[in-house]
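Inspection log for the structure reproduced underneath, given as structure tokens.
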Amino acid sequence: MNIVENIPVFCAIDTPDLDRARALAAAMERAGCGLKLGLEFFNAQGPQGVAEIRRAYEDLPLFLDLKFHDIPNTVAGAVRAVTRLGPAYMNVHASGGTAMMIAAHNAAAEEADKIGLPTPKILGVTLLTSLDEDTLTQVGYRDGLEERVVQLARLTRESGLAGVVCSAREIAAVRGACGPDFVLMGPGIRPVGAAHGDQKRVMTPSEALHAGATHLVIGRPITAAPDPENAARRIMDGLS
Ligand code: C5P
């Protein structure tokens, strides 16, 4: 296994279908993007589906975006199970708290060591990019959105995780609060002119990288394009 490091773009392969996922993964390999498999694919195809994609595209880094959020013991067990699939990145909700994040971190390190794989980097999910101030008020949060994201990012760093997933709009504030070595994975990325869909806090790919993102998660602007490989290439070419 020789995973290509420093790939800035992870394509969100959000589909329940294995053949469609294979076709998108092949296109992303040609375009030089990493792969993100999330809840839609995992719940339809299970760990076996992830393992198939992993085996076929083993040089591409995989971000397994399952956003665990449960008691520490349960999250540790889930992290141990998916560490065997060899993802480069996986994530848990930062709002699960320090004990949960530490349990996740330790479980990944122990399991990877036991089976001789590189330890996956675990990221804390701060606030979903589909949420805006109104939605946060509805669910009872009183702090401003950026303040809350920064607070959750600090907690993630203090718990020893590698970085966070946060909207590109909060990248600059998180970079300032958490220092230069923290992984900042930004979804909600929309090239100029692309439809926003359900994403509320969006930025273009270059804006997000300039603001301090280390990686970008891009789904529908690539996967819903008539030619996903070409759409991904155009995004990669436009990064500077
Ligand atoms: O299609 P689109 O570019 O909006 O896809 C974004 C992807 O990033 C989706 O797979 C979504 O689950 C994921 N994501 C997100 N917001 C987060 C974490 C992950 O949109 N905070």
Side-chain angles (χ1 to χ4, degrees), residues 8-17 20-21 24-25 27-28 31 33-45 49-50 53 61-69 87-96 121-133 135-136 139 141 145-146 148-153 155-156 161-171 173-174 183-205 207-209 211 213-225 228 231-232 234-236 238-239:
V9 173
F10 282 78
C11 177
I13 312 275
D14 287 329
T15 170
D17 185 76
R20 165 93 175 133
L24 284 169
M28 293 311 106
C33 292
L35 308 177
K36 182 181 89 70
L37 295 173
L39 288 172
E40 187 173 356
F41 183 80
F42 190 82
N43 282 293
Q45 295 297 331
V50 175
I53 298 289
L62 171 67
F63 172 20
L64 197 51
D65 177 19
L66 301 178
K67 300 188 182 71
F68 295 136
H69 192 172
Y89 295 93
M90 64 170 96
N91 55 4
V92 300
H93 273 279
S95 53
K121 290 189 166 71
I122 304 195
L123 309 176
V125 177
T126 54
L127 288 181
L128 298 175
T129 40
S130 56
L131 302 179
D132 59 11
E133 300 271 1
T135 333
L136 287 180
V139 297
Y141 294 145
L145 197 147
E146 185 175 297
R148 194 165 175 83
V149 169
V150 168
Q151 182 203 347
L152 289 167
L155 198 67
T156 304
L161 301 195
V164 289
V165 184
C166 68
S167 132
R169 294 271 186 91
E170 285 89 49
I171 289 276
V174 174
V183 173
L184 299 186
M185 178 83 76
I189 303 296
R190 291 293 180 266
V192 178
H196 287 195
D198 52 357
Q199 298 285 19
K200 304 251 167 67
R201 309 194 320 278
V202 301
M203 259 194 182
T204 68
E207 281 170 349
L209 287 182
T214 51
H215 303 83
L216 311 175
V217 170
I218 308 180
R220 287 161 290 180
I222 296 175
T223 56
R234 270 190 283 119
I235 288 170
M236 298 286 278
L239 299 178

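Each ligand, and each atom within it, is numbered from 1 in the order the structure gives. Position 1 is the first residue of the sequence; numbering continues from there. The structure presented is a predicted model; accordingly, all values stated were derived computationally and were not measured.
- Checking each of Val174, Leu216, Val165 against Leu184 for a side-chain contact (heavy atoms from CB on, under 4.5 Å) leaves exactly one that passes, namely Val174.
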Would you please test Val9 and Ile218 for side-chain contact (heavy atoms from CB on, under 4.5 Å) and show each step? CA-CA 7 Å; Val9 173; Ile218 308 180; 4.1 Å; yes

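- Residues His93 and Phe68 place their aromatic rings such that the two centres sit no closer than 6.0 Å.
- Using a heavy-atom distance under 4.0 Å as the criterion, the protein contacts of ligand 1 are Ala12, Asp14, Lys36, Asp65, Lys67, Leu127, Leu128, Thr129, Val165, Pro187, Arg190, Gln199, Val217, Ile218, Gly219, Arg220, Pro221.
- With sequence neighbours excluded, the residues satisfying side-chain hydrogen bond (donor to acceptor under 3.5 Å, both in side chains) with Ser167 are Glu170.
- A donor and an acceptor atom, one from each side chain of Thr129 and Gln199, are located under 3.5 Å apart.
- Using the six-membered ring where Trp is involved, Tyr89 and Phe63 have ring planes that are perpendicular, over 60° apart on the 30 and 60° scheme.
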